[in-house]
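As the structure is a computational prediction, the values presented were derived from the model and not from experiment. In the text below, chain A, chain B and the rest are named by the order of the sequence lines, each starting its count at 1.
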2 protein chains.
Amino acid sequence: MANYCKFEKALEIFTGKWKPVILLRLFANGTMRFGELQKAIPDITQKMLTQQLRELVHNDIVHREVYPEVPPKVEYSITEYGKGMANVLQVLNDWGESHMAHMDDLYGEGRKEEGAPAQRPS
Amino acid sequence: MANYCKFEKALEIFTGKWKPVILLRLFANGTMRFGELQKAIPDITQKMLTQQLRELVHNDIVHREVYPEVPPKVEYSITEYGKGMANVLQVLNDWGESHMAHMDDLYGEGRKEEGAPAQRPS
DNA sequence: AAACATAGGCACTTTAAAGTAACTATTCGC
DNA sequence: GCGAATAGTTACTTTAAAGTGCCTATGTTT
């Protein structure tokens with residue numbers, strides 16, 4: 001009972017509006033500075049970027065390296081432990097891709113209101 | 001670019017406060033009536049249960065079978081297509097489990113404020 | 001004829017997540 | 001002794017997700 005908590009712990013890492021993007025960027029590009037991440041993710045705000053990075057650091061997914069220079073330089077990268085979840089990301093990504101195809105099969109590529117049927121067409 | 005959308009589509013299915021629980025219940029128990037689900041998930045409200053089920057039905061993960069009786073009877077179950085995501089759930093669950101262990105290693109089982117460090121202890 | 005049981009619907013409120021805008025620290029170059 | 005960079009912080013506002021309470025339909029039972 002209450003066994004879905006592992007599940008939910010896992011989801012905490014990936015979910016939210018920005019964590020997926022941040023993770024994928026870091027996995028793809030390797031080490032990135034704060035400003036690079038910000039440029040790579042145009043719509044994210046400073047607050048959101050730092051906040052999400054902090055959470056990822058806390059979860060030991062992302063490493064934060066501060067260089068005591070001026071102007072400041074902080075580099076982010078996926079930790080060795082974090083790299084272990086690459087396959088999880090891959091599985092999710094693959095399933096997401098095939099699911100999008102499935103939705104297109106079901107509803108056609110035309111009217112794709114996939115998230116939720118607002119009220120049910122009555 | 002914007003390639004993480006598959007990823008996010010996948011996450012839409014699992015995320016939210018109730019979808020994981022509902023899915024795990026249905027996977028574990030097979031076919032369940034609305035009321036059974038409600039009893040199995042004590043804190044969910046009717047509104048939330050119907051809402052989340054509707055979204056799962058829309059995504060072809062859950063099948064909804066209405067029996068035209070009185071009092072009404074509606075049964076929910078995982079669709080054949082939905083069963084195809086069992087391995088995704090398993091991967092997430094397993095990773096979540098090992099991640100919880102990893103967090104315990106890092107921070108000890110004592111003070112487990114895992115989600116986010118509220119303000120950083122200054 | 002009133003109450004019950006099941007599977008909802010609807011309007012409104014609360015809470016949590018995200019967004020905005022303005023501020024800070026440091027030091028180099030001018 | 002002022003502005004430019006970089007990587008933030010802080011207080012406040014907006015938006016989205018979830019929760020609350022009460023309403024509905026319809027045969028069956030009492």
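- Partners of A:N87 by side-chain hydrogen bond (donor to acceptor under 3.5 Å, both in side chains), not counting sequence neighbours: none found.
- Contacts between residues 27-34 of chain A and DNA chain C, counted as heavy-atom distances below 4.0 Å, involve no residue at all.
- In this structure, the helix from C:dA1-D:dT30 to C:dC30-D:dG1 shows an angle of 30° between the axis at its start and the axis at its end, each fitted on 5 base pairs and rounded to 10°.
- Distance A:L37 CG to D:dG8 P: 10 Å, rounded to the nearest Å.
- Applying the ring pair (Phe, Tyr, Trp, His ring centres under 6.0 Å) test to A:F14 and every residue at least two apart in sequence or in another chain returns B:W95.
- Screening residues 62-90 of chain A for ring-ring contact (aromatic ring centres under 6.0 Å, His included), with sequence neighbours left out, gives A:Y81-B:H99, A:Y81-B:H102.
- Contact check for A:R64 versus A:V74: side-chain heavy atoms found under the 4.5 Å cut-off.
- If you check the side chains of B:N59 and B:E55, you find no donor sitting under 3.5 Å from an acceptor.
- Looking at heavy atoms from C-beta onward, A:V57 lies out of side-chain contact with A:T79 at the 4.5 angstrom threshold.
- Put simply, the side chain of A:L89 reaches to within 4.5 Å of the side chain of A:L24, judged on heavy atoms.
- With sequence neighbours excluded, the residues forming a side-chain hydrogen bond (donor to acceptor under 3.5 Å, both in side chains) with B:E80 are B:K83, listed by chain and number.
- A heavy atom lying under 4.0 Å from DNA chain D marks the following residues of residues 67-75 of chain A, by number: A:P71, A:P72, A:K73, A:V74.
- Among pairs with a residue in residues 15-37 of chain A, none fulfils ring-ring contact (aromatic ring centres under 6.0 Å, His included), at least two apart in sequence or across chains.
- If you check the side chains of A:Q90 and A:D94, you find a donor sitting under 3.5 Å from an acceptor.
- Atom CG in B:L53 sits roughly 15 Å away from atom C1' in C:dG9 (whole-Å rounding).
- In this structure, A:R64 does not reach the D:dA7 phosphate: none of its side-chain N or O atoms is under 4.0 Å from OP1 or OP2.
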Per-nucleotide protein contact string for nucleotides 13-22 of chain C, where B marks a base within reach and S marks sugar-phosphate only (heavy atoms under 4.0 Å, - for neither): -----BBB--
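- The side-chain hydrogen bond (donor to acceptor under 3.5 Å, both in side chains) search around A:K17 returns none, not counting sequence neighbours.
- As rounded to whole Å, 16 Å separates atom C1' of D:dT20 from atom CG of B:L49.
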Could you list the donor-acceptor pairs under 3.5 angstrom formed between side-chain atoms of residues 35-48 of chain B and any protein atom two or more places apart in sequence or on another chain?
from	atom 1	to	atom 2	distance (Å)
B:E36	OE1	B:R33	N	2.7
B:T45	OG1	B:M48	N	3.2

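- Remark: B:E75 pairs with B:K73 by the salt bridge (Lys or Arg N to Asp or Glu O under 4.0 Å) rule, at least two apart or across chains.
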